[in-house]
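Down below is the structure, laid out as structure tokens.
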Amino acid sequence: MGSPESQTLREMIKKQREAAATKTLAEKRQAMDEMSERLFDLEDDVKLEKTEMRGVPCEWVTIQGCSEEKVILYLHGGGYSRGSIFSHRHLAADLARLANSKALVVDYRLAPEHPYPAALEDVLAVYKELLKSISSENIAIAGDSAGGNLTLVTMLALKDEELPLPKASVLMSPWTDMKLSGKSYQERAESDPWLTNEAVENFAQDYAVNHDRAHHLLSPLYGDLAGFPPLRVHVGKDEILMDDSLAFVEKAKQAGVDAEVKVWEDMFHIFTFFGRVMPEGRKSTEELGMFLHNAFHK
């Protein structure tokens with residue numbers, strides 16, 4: 001059984017999921033931001049600075065005393081239809097502090113208003129702009145859930161364009177297969193307090209629309225992963241996306257990638273997101289942050 005804090009959060013997430021059934025998309029987006037506002041306060045030494053890169057809204061997250069020469073490009077989750085700079089800046093800040101770097105959170109366009117390839121186009125534009133002033137050796141990409149998908153397809157698109165890939169990557173409960181083919185979609189349906197098969201199917205429909213979901217820029221599980229940078233994946237054992245992580249890391253290893261996955265007992269979808277209010281999430285954040293620290297500074 002998880003910590004008391006994780007049990008409390010599990011019940012909160014269940015209630016929020018039930019309440020969301022009657023909400024509009026705009027209300028769901030607002031609820032995600034409001035949850036972060038209730039739970040996560042940033043420290044006084046965290047500086048936030050809004051910016052634009054090639055027309056894409058972003059936010060710099062800088063920690064006093066941390067290196068400004070290393071950058072974590074952070075891609076938030078939310079099923080490609082919700083999530084924002086505001087909802088995820090706390091996690092970007094925590095990873096940046098641990099990695100001795102700064103972070104850039106991308107406010108990419110959301111579905112269904114902006115389906116595929118809008119989000120990917122936005123992130124590629126930002127990455128290419130970063131490359132004008134920062135070596136790829138000083139960039140890492142991190143993402144959770146759909147942001148994990150976006151992290152991986154961004155690297156596949158960079159490969160397609162023969163552009164330099166980042167130094168490293170960390171992924172939290174990444175969505176790697178829009179075909180929803182993993183057994184955990186059925187086997188973990190009752191234990192996942194956050195995601196349902198219906199919700200994930202709707203996310204896929206809204207973003208992919210009529211595109212082939214097996215395309216590597218929608219489902220990175222089916223891409224050519226050779227040449228990918230070192231990456232680490234954390235996933236909860238109770239979530240329907242567990243097999244997405246396991247299958248992806250196995251394929252990455254077969255392609256010669258330095259890839260590892262850690263499955264956390266009794267943990268739910270993107271539990272790392274709650275690192276400021278539950279010990280398992282805190283430990284996960286610390287491990288992923290230190291992996292990025294070692295990639296940047298050793």
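Model, not experiment: these values are computed from the prediction.
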Please identify each residue that fulfils side chain to side chain donor-acceptor pair (under 3.5 Å) with [X], with sequence neighbours left out.
{"X": "K14", "answer": "none"}
{"X": "H234", "answer": "W264, S284"}
{"X": "S84", "answer": "D33"}
{"X": "E11", "answer": "none"}

**Asked** Do L156 and L225 come within less than 4.5 Å of each other through their side chains, counting heavy atoms only?
**Response**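 Touching, per the 4.5 Å side-chain cut-off.
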**Request:** For residues V261 and F248, determine if any side-chain heavy atom of one lies less than 4.5 Å from a side-chain heavy atom of the other.
**Result:**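 Result no, sub-4.5 Å side-chain heavy-atom pair not found.
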**Prompt:** Is there a donor-acceptor pair closer than 3.5 Å between any side-chain N or O of S219 and the backbone N or O of Y222?
**Reply:**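 No, S219 side chain to Y222 backbone: no donor-acceptor pair under 3.5 Å.
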**Asked** Should F273 and F268 be marked as a ring-ring contact (aromatic ring centres under 6.0 Å, His included) after you check the CA-CA gap, both sets of side-chain angles, and the distance that decides it?
**Response** CA-CA 10 Å; F273 178 84; F268 44 81; over 10 Å; no
**Request:** Mind checking salt bridge (charged side-chain N to carboxylate O under 4.0 Å, His left out) for R97 and listing every partner two or more places apart, or none if nothing turns up?
**Result:**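 Partners of R97 by the salt bridge (charged side-chain N to carboxylate O under 4.0 Å, His left out) criterion, ordered by chain and then number, come out as E43, D45.
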Verify whether one side chain among [X] and [Y] offers a donor that lies under 3.5 Å from an acceptor in the other.
{"X": "H216", "Y": "D224", "value": "no"}
{"X": "S3", "Y": "E280", "value": "yes"}
{"X": "E239", "Y": "S173", "value": "yes"}

**Request:** Count the heavy atoms belonging to other residues, nucleotides or ligands that lie under 6.0 Å from CD of E69, then report whether that count exceeds 12.
**Result:**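 For E69, atom CD is not crowded (no more than 12 foreign heavy atoms under 6.0 Å).
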**Message:** With a 6.0 Å cut-off (strictly less than), is the heavy-atom count around NZ of K47, excluding the residue itself, greater than 12?
**Reply:**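 Count not over threshold, so no.
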**Prompt:** Who passes ring-ring contact (aromatic ring centres under 6.0 Å, His included) against H215, sequence neighbours left out?
**Reply:**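 H215 satisfies ring-ring contact (aromatic ring centres under 6.0 Å, His included) with no residue once adjacent residues are dropped.
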**Item:** H114 ring center near Y108 ring center (under 6.0 Å)
**Value:**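 Ring centroids of H114 and Y108 are no less than 6.0 Å from each other.
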